[in-house]
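Some notes on the structure that comes next.
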Number of protein chains: 2
Amino acid sequence: MATTTAKRGRPRSFDREAALEQALRLFWERGYEATSVADLTTAMGIRPPSLYAAFGDKGALFGEVVDRYRESHGAYATRALAEEPTARAGVARMLREAAAMATDPDHPWGCLLISSTVNCTSPEVTGAVRELRNANVRALESLIRADVAAGHEPAGTDPAALAQFTAAVVQGMSQRARDGATRAELERVAADAMRIWP
Amino acid sequence: MATTTAKRGRPRSFDREAALEQALRLFWERGYEATSVADLTTAMGIRPPSLYAAFGDKGALFGEVVDRYRESHGAYATRALAEEPTARAGVARMLREAAAMATDPDHPWGCLLISSTVNCTSPEVTGAVRELRNANVRALESLIRADVAAGHEPAGTDPAALAQFTAAVVQGMSQRARDGATRAELERVAADAMRIWP
DNA sequence: TCATTTCTGTAGTGATCGCTAATGAAATGA
DNA sequence: TCATTTCATTAGCGATCACTACAGAAATGA
């Protein structure tokens, strides 16, 4: 594994996790393609050979950044859907927290999974992150469908349509945050979006 | 003006409008930054000096592309809001047509004004197009406000919130289209979004 | 102590970026 | 005809792209 601690030879002189966090911030703010390896090494405080030895290449580093993002800043969505008693309550909480996350002044605005691979020339990178987004839509649809089957939602509920609508709103909120929309404005968008539930 | 016909000297040997349309397609599909001048000259069928003589530089060419887009593929939104009798009817039509436009197989998916400058390193280009988006939100808010004042919408209507919500949905639909959402799926999103109107 | 292993810093690689100098070709007006 | 004007072509500018060969430095086990 890339994260195992070396037992022999000269030890790494930088904090791998701290360097990864710097890379995450940079990719979040500028996107995959617009972030150069020179930008990364400067922000991470290391030289190119150290980056390549520790992370492979730019694409593999971005892959680790995506994983780290999903387990940290992006984990609120999975948590909201898993912890709330119904899909409806989960989506409401997810949208509410998305408004707060996307406008948090402590980190770049918007969602890394949504913005960082827009206009990316690498089909592999673009496709991998797109697949994560589309998988999230399918997972949400399944969650709603299960809730309808269990009688937690009205029989007229359309799981696919609700999932698509929710995805569009979340992704639109991310873009609006990048354009300067405030947390209050996006919380209002989130609350309005919930009114379409049957 | 850049569009006036030359009266003396060797005439231009290519169709400026046709070349501009090719540039529009490329910028629409790949975004501003990921489209290189070499890509552009190949698609436009000209050599770099001809591009620079006719359009200035890459940024100016993109500016003309944006203008052309707003007057062609992007004009449906302004038309919808201007031609329908109420803001509500205008927004409903705009969202419906946005679903069709964003998934039209005859051109790149999504909206050029929304996607082409995401992750762009030029503050001028990014800022100019962001301002167009934000101006559209403000214009929609004013339209709704005027409609409320004229009694065409219920007194409880919140123009700013409705404009933000509509902007988020439109921008989310563009992103979903780029991820492969179908016209029918986005038309359903558009129809659902209208249900939040009072 | 010393060979082995792994990391770090210097200094690049070839490719591509946006852009342009220089020259010749094709039109005009006089 | 012929000077003038404008465009097209070739070729290449310096800067930056992702990435790496190489050598020295710092740890290990024997």
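Here is the naming used below: chain letters follow the sequence lines, and residue numbers restart at 1 for every chain. These figures come from a predicted structure and were not determined experimentally.
- Under 4.0 angstrom from either OP1 or OP2 of D:dT20 there lies no side-chain N or O belonging to A:Tyr52.
- Aromatic ring pairs are classed by plane angle as parallel below 30°, tilted from 30° to 60° and perpendicular above 60°; the pair A:Trp28 and A:His107 is parallel.
- Salt bridge B:Arg79/B:Glu84: absent, no basic N to carboxylate O contact under 4.0 Å.
- Listed by residue number, the members of residues 115-129 of chain B with any heavy atom below 4.0 angstrom from DNA chain D form an empty set.
- Residues B:Asp39 and B:Thr42 have side chains that never bring a donor and an acceptor to within less than 3.5 angstrom of each other.
- Formation of a donor-acceptor pair under 3.5 Å by the A:Asp147 side chain with backbone atoms of A:His152 is not found in this model.
- Look at B:Arg47 and you'll find a side-chain N or O under 4.0 angstrom from OP1 or OP2 of D:dT9.
- Contact check, B:Ser13 against D:dC7: no side-chain N or O comes under 4.0 Å of OP1 or OP2.
- Taking atom CZ of B:Phe62 as the reference point, atom P of C:dG18 lies 13 Å away to the nearest angstrom.
- A cation-pi contact, defined as under 6.0 Å to the ring centre and within 45° of the axis, is absent between B:Arg25 and B:Phe27.
- Of the side-chain N and O atoms in A:Ser50, none sit less than 4.0 angstrom from OP1 or OP2 of C:dC7.
- A distance of 7.5 Å separates CD of B:Glu141 from CD1 of B:Ile144, quoted to the nearest 0.5 Å.
- Overall, the helix from C:dT1-D:dA30 to C:dA30-D:dT1 carries an axis bend of 0° between its ends, with five pairs at each end and the value rounded to 10°.
- Residues B:Phe55 and B:Leu20 meet the side-chain proximity criterion, which asks for heavy atoms closer than 4.5 Å.
- Residues B:Pro48 and A:Lys58 each lie close to DNA chain D; by heavy-atom proximity, the contact nearer the 5' end of the strand is made by B:Pro48.
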